[in-house]
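See structure below.
Owing to the predicted nature of the structure, the values given are computational and were not obtained by experimental measurement. By convention here, the first residue in the shown sequence is residue 1.
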Amino acid sequence: MEPAPDPATVPPEPSFRQVLDELTRLPAQRPAPTAARFVLQFSTGETYTVEGTGLIGRRPSEQPGENYDLLISLNDQGRSISKTHLEFGQEGGVFWISDRYSANGTVVREPDRPPRLSAPGMRSRVARGSRVEIGEQFFVVS
């Protein structure tokens, strides 16, 4: 038979509040990684420096539950660009686009490579120096 522990050396049981606090404690927050900067130079003469996510179109708008950093509206007299033509963003320092099921599609022309159609709803990586064609307009990523 073991001797009973000395009450002076036994730590007290934690209270319910202490246990709950420990279980619900948020981890120490790490600083958010800085996003790479990309410059989008449009055939319309506009230039945007982007760091996050965004939408491009004649009158781009977010759908319920969506949240973008930037909405880029382009003047397109011929209406070759859809209202919300494409979305863009970055992940791990790589710029990507995704056609939003636009009427005229999105074509990516990378230097020294054949042009490729961006599949609607799928992310396509876009290298710096590439030209992205949206309807009768385009932008260059640098």
Polar side-chain atom of [X] near backbone of [Y] as donor-acceptor pair, under 3.5 Å:
| X | Y | result |
| --- | --- | --- |
| Glu133 | Val108 | no |
| Asp69 | Thr53 | yes |
| Gln90 | Glu51 | yes |
| Ser82 | Ser102 | no |
| Arg58 | Ile81 | yes |
| His85 | Gly105 | yes |

What verdict does the side-chain contact (heavy atoms from CB on, under 4.5 Å) test give for Leu40 and Thr47, after you've listed the backbone C-alpha separation in whole Å, the side-chain angles of each residue and the deciding distance to 0.1 Å? CA-CA 6 Å; Leu40 309 182; Thr47 300; over 6 Å; no
Is the shortest distance from a Lys or Arg side-chain nitrogen in Arg123 or Glu87 to a carboxylate oxygen in the other one below 4.0 Å? no
Carboxylate-amine/guanidinium contact Glu66 Arg100, below 4.0 Å: yes
Closest approach of [X] and [Y], non-hydrogen atoms and distance?
| X | Y | answer |
| --- | --- | --- |
| Ile97 | Phe139 | CG2-CZ, 4.4 Å |
| Gly121 | Ser98 | C-OG, 3.5 Å |
| Pro115 | Arg109 | CG-NH1, 3.2 Å |
| Thr84 | Arg59 | OG1-O, 4.1 Å |
| Tyr68 | Gly54 | CD2-N, 3.6 Å |
| Thr106 | Leu117 | O-CD1, 3.3 Å |

Run the side-chain contact (heavy atoms from CB on, under 4.5 Å) test on Ile56 and Tyr48 for me, step by step, so that the C-alpha distance in whole Å, both residues' side-chain angles and the decisive distance to 0.1 Å come before the verdict. CA-CA 11 Å; Ile56 299 173; Tyr48 294 89; over 6 Å; no
So [Y] and [X], do their side chains get closer than 4.5 Å, heavy atoms only?
| X | Y | answer |
| --- | --- | --- |
| Asn104 | Ile134 | no |
| Trp96 | Val126 | no |
| Ser61 | Lys83 | yes |

Check against ring-ring contact (aromatic ring centres under 6.0 Å, His included), Phe138 and Phe42: CA-CA 6 Å; Phe138 68 88; Phe42 288 85; 8.9 Å; no
Are there over 12 heavy-atom neighbours, none belonging to [X], within less than 6.0 Å of that residue's [atom1]?
| X | atom1 | answer |
| --- | --- | --- |
| Arg128 | CZ | yes |
| Glu91 | CD | no |
| Arg116 | CZ | yes |

Please round to the nearest 0.5 Å and tell me the distance separating atom CZ of Phe95 and atom OG of Ser142. 10.5 Å
In Å, rounded to the nearest 0.5 Å, how long is the span from CG of Leu70 to CG of Leu55? 9.0 Å
side-chain contact (heavy atoms from CB on, under 4.5 Å) between Leu71 and Glu62: does it pass, once the steps are laid out? CA-CA 9 Å; Leu71 302 178; Glu62 300 168 325; 4.2 Å; yes
Would you say Val132 ends up clustered with Ile72 if hydrophobic residues are merged whenever their side chains have heavy atoms under 4.5 Å apart, either directly or through other cluster members? yes
Please check if Val107 and Val140 belong to a single hydrophobic cluster, counting links between Ile, Leu, Val, Met, Phe, Trp and Tyr side chain heavy atoms closer than 4.5 Å. no
Assess, by modelled atom type and distance only, whether the side chains of Ser43 and Gln137 contain a donor and an acceptor separated by less than 3.5 Å. yes
